[in-house]
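Below, chains carry the letters A, B, ... as their sequence lines are ordered, and counting in each starts from 1. Everything numeric in this text was worked out from a predicted model, so none of it was measured.
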Amino acid sequence: MAQKPSIPKGTRDFNSEVVAKRSYITETIKQQFKIYGFQPIETPSFENSDTLMGKYGEEGDRLIFKILNSGDYLKKISDTDYEERSESRLTPKISEKALRYDLTVPFARYVVQHQNEIEFPFKRYQIQPVWRADRPQKGRFREFYQCDADVVGSASLFQEVEFIQLYDGVFTALNLSGTTIKINNRKILSGIAEVIGAQDKLIDFTVALDKLDKIGEEKVKEEMLGKGISQVGIDKLQPLFELTGDFGSQIESLKSILSTSEIGLKGIEELEFINTAISSLELKTAQLQFDVTLARGLNYYTGAIFEVSAPEGVNMGSIGGGGRYDNLTGIFGLKNMSGVGISFGLDRIYLVLEELGLFPESVIDNTKVLFINFGEDEAMACLKAVSSLRDNGINAELYPDAAKMKKQMNYANKREIPFVVLVGDDELKTNSFTLKDMSSGEQQKLTLEDLMTKLK
RNA sequence: GUGGUUGUAGCUCAGUUGGUUAGAGCGCCGGUUUGUGGUACCGGAGGUCGCCGGUUCGAGACCGGUCUUCCACCCCA
């Protein structure tokens, strides 16, 4: 055999069964998106590099797949540029396009570009693949799907409330109960940074705090100290590490820490509003949890931030995330356009549903009946019947060759087709159809009409 | 980007300190059975041992590189 072909690292082929299961998830999500009033849009798989670069931080830029210019892309490079071997100077000259890294930034670009045609507040959803040049590992691919819903043009906190309901709605519809929607507020993080005198180190501070449940209190403090946050400041954080109790009481203790920070108190006020609303509306299967360590890497969030974790016992990173961004369209020149959005990680949700055995049996829309081929005349009669079945929405097929009976039956068996129809000499003469139930082995002679009703 | 791990038949995997012609189970194809699948029995096909190079009289096995798998870190869906 020749050298086997292959696909790039971190990409996957999907067989029919996987496609059926994946589309079960996306259809469920779509349905919920529509119920909440979101309309679909799509954007190109690649954008101009400057649309994407610099929007996800240094780490993000490194993970963006760059597309090499067409033609003789080295022609215009000067000798000095070439000799310098500076990646950051050379890359923009040989690559002017890049694969999209998420759906949020292209969406912001879309809103700014089409602002005059859009009715605000604008509610859109988008289900498309994104690409990241990451190293693959569990639940992590280089090509994966995001399912995003965003609203721009409204600063109302009711949007946040509705998004939490939407999360709950989707996971309930997928029969995935026990998810936890973690919520925090960027303003609270800013407030804390302010109180401990580390406003300028907000990112370092949040990245370190985010690791609390993973590496523990001491290591977090070490990392903060290492990043240049003062010991005095870190000591002020102590109450943070001792936060306990329910949503309400955690917020009360935070209030005292943040009493001197205007922005911090604003964040708390927002959280309280959302929590009160959700408490009175009630969630179906998900649980809303305040998590002060929740940071989320993307630096465009300015208000609420969300992250959804799978039910306890399933080892999987977050299966969804999102938040409020007050100025995302600002980077493309449209000011004062607050937005908030959430994302579902299709590929990870798939892995979770698979692990918990939550896919319904019926997701695969298999052929219902196979007509055995006995020869040209018989096949012709079969095709007529097949056509009427198809007209009635019954998945039917005719075995294309007059192969041996055993081979044809075997095919039906392997494909798990539940019924076969036999039309030979006898049936041709009497204009009838012998229907065989593959699981019981029973068979009976029927008219076309009876066949139709049996298979419906 | 850092560290580890994996690759032998379509699939799951054996293969001893380097030594003849690389094996098993399942699957596949054919037959027993020319209008009846699953079971049984019989027979058969299928491998440049991921790829490139090195050491050796001799490499599936040892060494280097590379690609790939999975995992952890970083970061993230």
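If you take atom C1' in B:rG1 and the same atom in B:rG64, they sit 23 Å apart, rounded to whole Å. On the P atoms, B:rG38 is 14 Å away from B:rU34, given to the nearest whole Å. B:rC62 and B:rU21 are spaced 24 Å apart, taking the C1' atom of each and rounding to whole Å. A distance of about 24 Å separates the P atoms of B:rG46 and B:rC41, rounded to the whole Å. For B:rC73 and B:rU17, the C1' atoms lie 38 Å apart once the distance is rounded to whole Å. Across B:rG25 and B:rU2, the matching C1' atoms stand 41 Å from one another, rounded to whole Å. Across the C1' atoms, B:rU20 and B:rC57 are found 15 Å apart, a figure rounded to whole Å. To the nearest whole angstrom, the two C1' atoms, one in B:rA59 and one in B:rU32, are 45 Å apart.
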**Report entry** Derivation and outcome, salt bridge (Lys or Arg N to Asp or Glu O under 4.0 Å), residues A:Lys55 and A:Glu47
**Finding:** CA-CA 13 Å; A:Lys55 308 299 190 297; A:Glu47 295 270 351; over 6 Å; no
Query raised in the report: Can you list the steps and then say if A:Lys368 with A:Ile417 is a side-chain contact (heavy atoms from CB on, under 4.5 Å)?
Result: CA-CA 6 Å; A:Lys368 188 140 193 209; A:Ile417 297 172; over 6 Å; no
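Aromatic pair A:Phe38/A:Phe163: centroids less than 6.0 angstrom apart.
In this structure, A:Glu427 reaches the bases: a heavy-atom distance under 4.0 Å links it to at least one base atom across the strands shown. When heavy atoms are screened at a 4.0 angstrom cut-off, A:Val420 is found touching no nucleic acid atom at all. Nucleic acid contact for A:Gly317: none, since no nucleic acid atom lies under 4.0 Å from a heavy atom of the residue. Residue contacts shown for A:Ile319 are limited to sugar-phosphate atoms, with no base heavy atom under 4.0 Å away. Within 4.0 Å (heavy atoms only), A:Ser343 reaches no atom of the nucleic acid at all. Nucleic acid contact for A:Ser439: base, since at least one base atom lies under 4.0 Å from a heavy atom of the residue. Nucleic acid contact class of A:Phe141 (heavy atoms, under 4.0 Å, all strands): base. Counting non-hydrogen atoms under 4.0 angstrom, A:Gly375 reaches nothing in the nucleic acid.
You won't find any donor-acceptor pair under 3.5 Å spanning the side chain of A:Arg135 and the base of B:rC70, going by distance alone. Side chain A:Gln443 to base B:rU36: a donor-acceptor pair is found below 3.5 Å. Scanning atom types as modelled, no donor and acceptor separated by under 3.5 angstrom connect the side chain of A:Arg415 and the base of B:rG37.
When the P atom of B:rC74 is taken as reference, atom NZ of A:Lys138 falls 17 Å away, rounded to whole Å. Spacing between atom CD1 of A:Ile25 and atom C1' of B:rA77 amounts to 13 Å, rounded to whole angstrom units. For the pair A:Asn413 CG and B:rG37 P, the interatomic distance rounds to 10 Å; values are reported in whole Å. B:rA77 atom P lies 8 Å from atom CG of A:Asp102, rounded to whole Å. As a whole-Å value, the separation of A:Arg142 CZ from B:rC75 P is 19 Å. For the pair A:Leu422 CG and B:rG37 P, the interatomic distance rounds to 11 Å; values are reported in whole Å. One atom, CE of A:Met405, and another, C1' of B:rU36, lie 4 Å apart when rounded to the nearest Å. Distance CG (A:Asp426) to C1' (B:rU36): 14 Å, rounded to an integer number of Å.
The existence of a salt bridge linking A:Lys227 and A:Glu223 is excluded, since no basic side-chain nitrogen approaches an acidic carboxylate oxygen closer than 4.0 Å. Between A:Arg324 and A:Glu270, no side-chain nitrogen of the basic residue sits less than 4.0 Å from a carboxylate oxygen of the acidic one, so the salt-bridge criterion is not met. With respect to A:Lys30 and A:Glu27, a salt bridge is recorded, a charged nitrogen being found less than 4.0 Å from a carboxylate O.
Taking only side-chain atoms of A:Lys414, from C-beta outward, the nucleotide of B:rG38, B:rC73, B:rC28 with the closest atom is B:rC28. Which of B:rU69, B:rG37, B:rC75 sits closest to the side chain of A:Lys211 comes down to B:rC75. Listed candidates were B:rC76, B:rG37, B:rG35. Nearest to the side chain of A:Asn410 is B:rG37. Closest approach to the A:Lys9 side chain among B:rU69, B:rG37, B:rC74 is made by B:rU69 (side chain taken as heavy atoms from C-beta onward).
Of the residues A:Tyr145, A:Tyr167, A:Tyr125, the one that meets the ring-ring contact (aromatic ring centres under 6.0 Å, His included) test with A:Phe344 is A:Tyr167.
In a base pair of the Watson-Crick type (N1 to N3 plus N6-O4 or O6-N4) or a G-U wobble (N1-O2 and O6-N3), with each distance short of 3.5 Å, B:rC29 is matched with B:rG43. A 3.5 Å limit on both hydrogen-bonding distances identifies no Watson-Crick or G-U partner for B:rU48. Applying the Watson-Crick and G-U wobble criteria (two distances, each under 3.5 Å), B:rG18 pairs with nothing in any strand.
For B:rA72, the OP1/OP2 oxygens have a side-chain nitrogen or oxygen of A:Gln137 closer than 4.0 Å. Residue A:Lys406 has no polar side-chain atom (N or O) positioned under 4.0 Å from OP1 or OP2 of B:rG37. OP1 and OP2 of B:rG37 both lie 4.0 Å or more from every side-chain N or O belonging to A:Lys404.
A residue-by-residue look at A:Gly139 and A:Gly441 shows that A:Gly441 has its nearest nucleotide of RNA chain B further toward the 5' end. Between A:Pro136 and A:Lys436, the residue anchored nearer the 5' end of RNA chain B, judged by the nucleotide with its closest heavy atom, is A:Lys436.
A pairwise comparison of heavy atoms in A:Leu52 and A:Tyr101 identifies CD1-N, 4.5 Å as the closest pair.
A:Phe144 qualifies as a stacking partner of the B:rA77 base, centre to centre under 5.5 Å and near-parallel within 30°.
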